[in-house]
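What follows is one structure encoded as structure tokens, with my remarks underneath.
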Amino acid sequence: MSGSEASAPALVWFRNDLRLADNPALAAALEGGYTPIPIYIHAPEEGGDWRPGAASDAWRHRSLAALDSTLRQRGTQLRHFVGPSLVTLQAVVAATGAEAVFWNRRYEPAFERRDARIKQTLRGQGIRVESFNSALLFEPWTLQTQQRGPFKVFTAFWRAALASWRTEPCLPAPGAIAAWEGGPEGVPLAALRLRPQRDWDGGFWKEWSPGEAGAHQMLEIFIEGALRGYDGQRDFPGRVGTSRLSPHLHFGEIAPWRVASALEAQRSAASGRDIDSALRELGWREFAHHLLHHFPHTPERNFNPRFDDFDWARIARDRLEAWQRGNTGVPIVDAGMRELWHTGWMHNRVRMVVASYLTKHLRYHWRHGARWFWDTLVDADLANNTLGWQWVAGTGADAAPYFRVFNPLTQAEKFDADGHYIARWVPELASLPAPLRLAPWRDATTSRRLAPGYPEQPVVDLAAGRDAALDRYRKLRAD
DNA sequence: CAGTAATTTTT
DNA sequence: AAAATTACT
């Protein structure tokens, strides 16, 4: 390919695979002897009801900038376009004489449909089109029960996955990449308007470094740090106990098999329990993607249709807003919601707690919570978000006991006993003694004095909320 | 078809 | 220790 005659160009269409290492589509273009033309197409409306939210856009802006800069270091660059995707691909193919288009697959229903149509159309026009796996350890059609159906139970799913462990090989990032001169340049990144209009995301970037380098750094930090003790520590939101890889994985800045192999490489240095536990979390991510592929209606509708008749409460604007803004009067819930608002991320344990409070105590349909998370999380991911919310609401794949209602106080006592996490995100509670910090309503006088402005009572009383929820769940069971 | 296992919980 | 239900083998 280094000869004097230029090789034919191929488009490498970047989507949620914003990396150069472990990128099968890019590797295929290079191996095929093509000159890659890296492109990104902004077409948010093609996500249907799930066009990316503001936090996601803010992350993507930075991740695209990082990708472009690493491509430039190698001699080429990323061209940005504003969609629609098919029309754009056709135009760029026509203008550059590209002979092939390569991309890595996505599994969201809207994108599966779109990509199938694009693939068929382009092939019909005589263009070579290939898609690859970049996002998963196991693609949804590679694992099935012995009855040849999709798994609906995580444990069985993960057992089968471990038994047939075969993941993609780790590929180093390519060195120099020849540039293709000519053809449409596209628009500047800024023209995609992914950046927030107002500067509300300032707090994010102290915590996060979007892009492939940031992803690998985060993995390194995890392997060197929180992996030891992960199994026991990952549930404590006030400690650095998790990998914090979720946004990096969502945008494909790092391959899941790269993470898995880095974990496996620690077998002699870290405990098997911690490693297995971390791998299992990757497994939940896999499971979520499989479920979304096989049950594409679940972002909208209950996985378990029995719940279609469930008696959700009518939304009261101010109550929903109290939850969104972290003003419910339940400290662990408010801490989580404010962490989300300030950093674009929330600890997983707390996600379960706030989701339970919304769907059980407030008895609001899980889709209101799913929507808020979608708009505010930097790791917003349709598969993970859908599984998570349906799991907590009890409408999901698991045979959930209807009485699984998280008690936010018990959760706080177990996982934030010293109230450090709460104090960090709800500073007006910081001057309360720790036990009261978890439940300020226990001493209204002291709380009023030391934490003025914080709600004196939860919007929904913990015991009453639980009872009311159980009541409705029982009712559902009756018929 | 029956037995097993599960489920990041609660009181 | 018990609350309940389902998937999977």
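A note on names: the letters A, B, ... follow the listed sequences, proteins ahead of strands, and every chain is numbered from 1. Computed from heavy atoms alone, side chains included, the values below leave out hydrogens, waters and symmetry copies.
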Verify the contact: side-chain N or O of A:Thr155 to OP1 or OP2 of C:dA7, cut-off strictly under 4.0 Å; return yes or no. no
From NZ of A:Lys475 over to C1' of C:dA4, roughly how many Å is that when rounded to an integer? 19 Å
Please evaluate residues A:Glu264 and A:Leu279 with respect to the criterion side-chain contact (heavy atoms from CB on, under 4.5 Å), reporting the C-alpha separation (whole Å), side-chain torsions for both, the decisive distance (0.1 Å), and the verdict. CA-CA 9 Å; A:Glu264 288 293 357; A:Leu279 286 170; 3.4 Å; yes
When you check the phosphate oxygens OP1 and OP2 of B:dT10, does a side-chain N or O of A:Lys414 lie under 4.0 Å from one of them? yes
Any base atoms under 4.0 Å from A:Ser356, or only sugar-phosphate, or nothing? Heavy atoms, all strands. nothing
For B:dG3, the Watson-Crick or wobble counterpart (both distances under 3.5 Å): C:dC8
Grab the CH2-P distance between A:Trp158 and C:dT9 for me, whole Å please. 16 Å
Testing C:dA7, B:dT10, B:dA6 for proximity to the side chain of A:Val153, the answer is C:dA7
May I have the distance from A:Arg404 (atom CZ) to C:dA4 (atom P), rounded to whole angstrom? 15 Å
A:Asp467 CG to B:dT9 P, straight-line distance once rounded to whole Å: 20 Å
Can a side chain N or O of A:Arg349 be found less than 4.0 Å away from OP1 or OP2 on B:dT9? yes
side-chain hydrogen bond (donor to acceptor under 3.5 Å, both in side chains) between A:Trp59 and A:Glu253, worked out: CA-CA 11 Å; A:Trp59 184 290; A:Glu253 297 166 359; 2.7 Å; yes
Can you measure A:Phe303 atom CZ to B:dT7 atom P for me and round it to whole angstrom units? 14 Å
Indicate the atoms forming the closest heavy-atom contact of A:Trp366 with A:Thr395, along with that distance. NE1-OG1, 3.5 Å
Checking contacts here: which listed nucleotide (B:dT7, B:dT11, B:dT9) is nearest the side-chain heavy atoms of A:Gln411? B:dT9
Let me know the distance between CZ of A:Phe151 and P of B:dA6, rounded to the nearest Å. 14 Å
Can you tell which of A:Phe138, A:Trp141, A:Tyr107, A:Phe157 makes a ring pair (Phe, Tyr, Trp, His ring centres under 6.0 Å) with A:His290? A:Phe157
Side chain of A:Asn407, heavy atoms from C-beta onward: which of C:dT9, B:dT11, B:dT9 has the nearest atom to it? B:dT11
Which nucleotide, B:dT11, C:dT6, C:dT9, lies nearest any side-chain atom of A:Gln147? C:dT9
Quickly work out the A:Phe406 CZ to B:dT9 C1' distance and round it to whole Å. 7 Å
Least distance between heavy atoms, A:Ile275 atom then A:Leu263 atom: CD1-O, 3.7 Å
Just how far, in rounded Å, is C1' of B:dT9 from CG of A:Leu470? 11 Å
